[in-house]
There are 2 protein chains.
Amino acid sequence: MGASKTHIFSTTHNELAQIAKVLAHPARVAILEYISRQENCICNDLVDVIGLAQPTISQHLNEIKKIGLLKGTFEGKNLCYCINQERWEELQHSFNAFFTNINYNCC
Amino acid sequence: MGASKTHIFSTTHNELAQIAKVLAHPARVAILEYISRQENCICNDLVDVIGLAQPTISQHLNEIKKIGLLKGTFEGKNLCYCINQERWEELQHSFNAFFTNINYNCC
DNA sequence: TATTATTATCGTAATATTGCAATATAAAAT
DNA sequence: ATTTTATATTGCAATATTACGATAATAATA
């Protein structure tokens, strides 16, 4: 078929996978890092910095937004994207919990 | 086009994305968790537990193997998959570094 | 109001992923 | 040697993702 059978998996597993999917593209990793480093939060140079077309950047931003990682406000004529700190820490904890819960019983 | 332009991104960003991609499917998250919980490391019931066809499970295992997360040895007639502890901790550190390096300058 | 600058959406093509039936392979048991 | 049991590979169909040109929407500026 081709579509993921999400309904046969637990909510926890689906949620972790969904978050990982957002980080599963180098452009989105780069975008997150870049936004976090901008002091003034003016992000209209993302297109130049990343090197993808403007509609593509917009799509990637939308994927990041979907899991609640971005807050956007207006500052003059430019849209200002910032990282949602609370959500970011939430995701960090989810990942960390997953990583630390794995134990190594054999081999 | 459709293919990711990996060449325009840094090695760090590409590697993190590649790892995230493996975790970006609930079946693979579930598989990793299940394997880690099996004391005797006999994993031939993965097909029943996860609920996907045997070739599909095999493919997912292969994706996990590709990033070095699995060690496999034989025990009797059954193939025994275990988590590669060193690699696992390596990935945990990569993710943690990424998460903690992000700062929140604005908004 | 017209222009300019910036971001969003639409439409579409190329590529990747997911899933499984059929089949192959490998090792143990009969 | 043949059967059984478990995993891997192949081939293919369905769906998802990635990317961008064209265009729309939005807001500041002239």
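Chain A is the first sequence line, chain B the second, and so forth, proteins listed ahead of strands; every chain is numbered from 1. The shown structure was predicted, so the numbers you read here are calculated from the model rather than taken from an experiment.
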Between D/dT15 (P) and A/Lys5 (NZ): distance, integer Å: 13 Å
side-chain contact (heavy atoms from CB on, under 4.5 Å) against A/Ser58, all qualifying residues, sequence neighbours excluded: A/Gln54
Within residues 51-58 of chain A: residues closer than 4.0 Å to DNA chain C (heavy atoms): A/Gln54, A/Pro55, A/Ser58
OP1 or OP2 of D/dT17 under 4.0 Å from side-chain N/O of A/Lys21: yes
Atom-pair distance (CG on A/Asn14; P on C/dT18), nearest Å: 13 Å
A/Ile8 CD1 - C/dT18 C1' separation (whole Å): 12 Å
Near-strand residues of residues 61-69 of chain B, defined as heavy-atom separation under 4.0 angstrom from DNA chain C: none
A/Glu90: side-chain contact (heavy atoms from CB on, under 4.5 Å) partners, not counting sequence neighbours: A/Arg87
Contacts of type side-chain contact (heavy atoms from CB on, under 4.5 Å), residue B/Thr100, not counting sequence neighbours: A/Gln92, B/Asn96
B/Glu33: partners by side-chain contact (heavy atoms from CB on, under 4.5 Å), with sequence neighbours left out: A/His13, A/Phe98, B/Arg37
Between side-chain atoms of residues 20-31 of chain A and protein atoms elsewhere (two or more places apart, or another chain), which donor-acceptor pairs fall under 3.5 Å?
unit_1  : atom_1 : unit_2  : atom_2 : d
A/His25 : ND1    : A/Ala27 : N      : 3.0
A/His25 : NE2    : B/Ser4  : OG     : 3.1
A/Arg28 : NE     : A/Val22 : O      : 2.7
A/Arg28 : NH1    : A/His60 : ND1    : 3.0
A/Arg28 : NH2    : A/Lys21 : O      : 3.1

With A/Lys65 via salt bridge (Lys or Arg N to Asp or Glu O under 4.0 Å) - residues at least two apart: none
A/Arg28 side chain, from C-beta outward: closest of D/dA19, D/dA8, D/dT18: D/dT18
Short side-chain to backbone donor-acceptor contact, B/Trp88 and B/Ile83, under 3.5 Å: no
D/dT17 phosphate, OP1 or OP2, under 4.0 Å from A/His60 side-chain N/O: no
Interatomic distance where CD belongs to A/Gln59 and C1' belongs to D/dG21 [whole Å]: 12 Å
Any residue meeting salt bridge (Lys or Arg N to Asp or Glu O under 4.0 Å) with B/Glu86, in chain and number order, not counting sequence neighbours: none
Below 4.0 Å: OP1/OP2 of C/dA8 and any side-chain N or O of A/Tyr81: yes
Atom-to-atom span, CG of A/Leu23 to P of D/dT18 - whole angstrom: 12 Å
Spacing of A/His25 atom NE2 relative to D/dA16 atom P, expressed in whole Å: 18 Å
Criterion side chain to side chain contact (heavy atoms under 4.5 Å, CB included) on A/Leu69 and A/Asn84, from CA distance to verdict: CA-CA 5 Å; A/Leu69 267 182; A/Asn84 184 338; 5.5 Å; no
